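The next block holds one structure in the form of structure tokens; read it before the comments.
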Amino acid sequence: MTSNNFPIGIFDSGVGGTSIWKEITLLLPNEDTIYLSDSINAPYGEKSKDEIIHLSIKNTEFLLDKNAKLIVVACNTATTNAIKVLREKYTVPFIGIEPAIKPAALKTKTNTIGILATKGTLNSALFEKTSSTINQKVFKKEIIGKGLVELIENGKLYSKEMTELLSSYIIPLLNQNVDCLVLGCTHYPYLIPQIRKIVGNKIQIIDSGQAVARQTKAILEKHQLTNTINNTPKHQFFINKNKDVLEFLISKNDMNTVVEELYF
Ligand code: DGL
């Protein structure tokens with residue numbers, strides 16, 4: 001039986017989904033969380049749909065074993081390729097994340113938006129379906145952020161390599177009339193300061209983190225699963241690689257947050 005006291009489960013191909021974890025803990029400060037970082041298999045974005053489904057099932061089983069009452073797929077690539085299968089296979093509620101192209105299509109004044117995401121996300125049927133629902137006059141410049149996830153996973157967030165790679169993806173957008181850039185990968189919010197250095201304030205940067213947190217809250221309420229009495233929430237992180245980068249990103253500084261290297 002599921003209980004309100006059980007944790008929210010969150011998984012990503014790596015450490016990027018912690019950008020979503022942060023939004024969730026801000027909006028839902030009474031909830032315990034369990035975060036699974038499948039860093040050893042990152043990046044998912046270059047894998048086949050079948051491989052992504054297989055890994056998403058494995059991650060889900062891990063979180064269900066730890067009594068997750070709801071699962072947040074904090075990975076655009078896993079959501080766009082696997083969430084349908086997960087929802088069919090398990091009864092626990094799933095929250096997914098997709099590139100925020102709908103809000104971007106409403107905000108753009110130049111009718112041109114950039115979307116930085118993985119190959120797996122941009123090539124998925126779900127991305128194509130969502131794309132077909134936005135104003136067709138809005139021109140989409142899709143960019144595969146090849147290599148960005150690997151640099152973040154390896155702690156090279158502020159490296160010269162990162163600046164050069166990001167510039168090669170972003171600078172062309174400045175000449176193409178793009179006024180909104182959608183970050184379609186949960187690792188990329190960590191790159192916002194670096195992107196700002198490249199584009200200044202010429203482009204609005206849009207990600208889906210807060211929307212995912214709001215949706216998580218709404219679904220917990222709908223299923224009457226909200227934890228209202230917990231004043232000392234616990235946050236457990238499991239990672240199948242060295243934990244240093246993860247600890248740095250979450251700014252681990254309290255006793256109720258535990259990060260464990262576990263080679264699952
Ligand atoms: N954080 C994942 C996402 O949102 C990274 C994908 C990958 O591992 O390639 O898509």
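Both ligands and their constituent atoms are indexed starting at 1 by order of listing. Worth saying up front: this structure is predicted, and the values here are computed from it rather than measured.
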Write out the residue and atom name of the closest protein heavy atom to atom 7 (C) of ligand 1, then the distance separating them to 0.1 Å. Tyr44 N, 3.2 Å
Which of these passes side-chain contact (heavy atoms from CB on, under 4.5 Å) with Ile219: Leu225, Ile95, Thr226? Ile95
Output the list of atoms in ligand 1 that are nearer than 4.0 Å to some heavy atom of Ser13, sorted by atom number. 2 (C), 5 (C), 6 (C), 7 (C), 8 (O)
Before signing off on this row, confirm whether Asp12 and ligand 1 have an N or O atom pair separated by under 3.5 Å. yes
Subset of ligand 1 atoms that lie under 4.0 Å from at least one heavy atom of Pro43: 7 (C), 8 (O), 9 (O)
Tell me the contacting part of Thr186 for ligand 1: side chain, backbone, both, or neither, using a 4.0 Å heavy-atom threshold, strictly below. both
Under 4.0 Å from a heavy atom of His187: give me the atoms of ligand 1 that qualify, with their elements. 1 (N), 2 (C), 5 (C)
Which bit of Thr77 gets closer than 4.0 Å to ligand 1, counting heavy atoms only: side chain, backbone, both or neither? both
Name the one of Thr108, Leu181, Asn177 that satisfies side-chain contact (heavy atoms from CB on, under 4.5 Å) with Ile113? Thr108
Has Gly14 got any heavy atom lying under 4.0 angstrom from an atom of ligand 1? no
State, yes or no, whether a side-chain contact exists between Thr121 and Glu98 at a heavy-atom distance under 4.5 Å. no
Backbone or side chain, does any N or O of Ala42 fall under 3.5 Å from an N or O of ligand 1? no
Find out whether Thr133 and Lys102 are in side-chain contact, i.e. whether some heavy atom of one side chain is under 4.5 Å from a heavy atom of the other. yes
Near-ring test Phe62/Phe11, centroid separation under 6.0 angstrom: no
Identify which one of Asn59, Thr79, Thr60 satisfies the side-chain contact (heavy atoms from CB on, under 4.5 Å) criterion when paired with Leu86. Thr60
Could you tell me whether Cys185 approaches ligand 1 through its side chain, its backbone, both or neither, with non-hydrogen atoms closer than 4.0 Å? both
Quick test of your reading of the model: are Lys69 and Glu31 salt-bridged, counting only N-O distances below 4.0 Å? yes
Closest protein heavy atom (residue, atom, distance) for atom 9 (O) of ligand 1: Gly45 N, 2.7 Å
Val85 with Phe127, same ILVMFWY side-chain cluster at under 4.5 Å: no
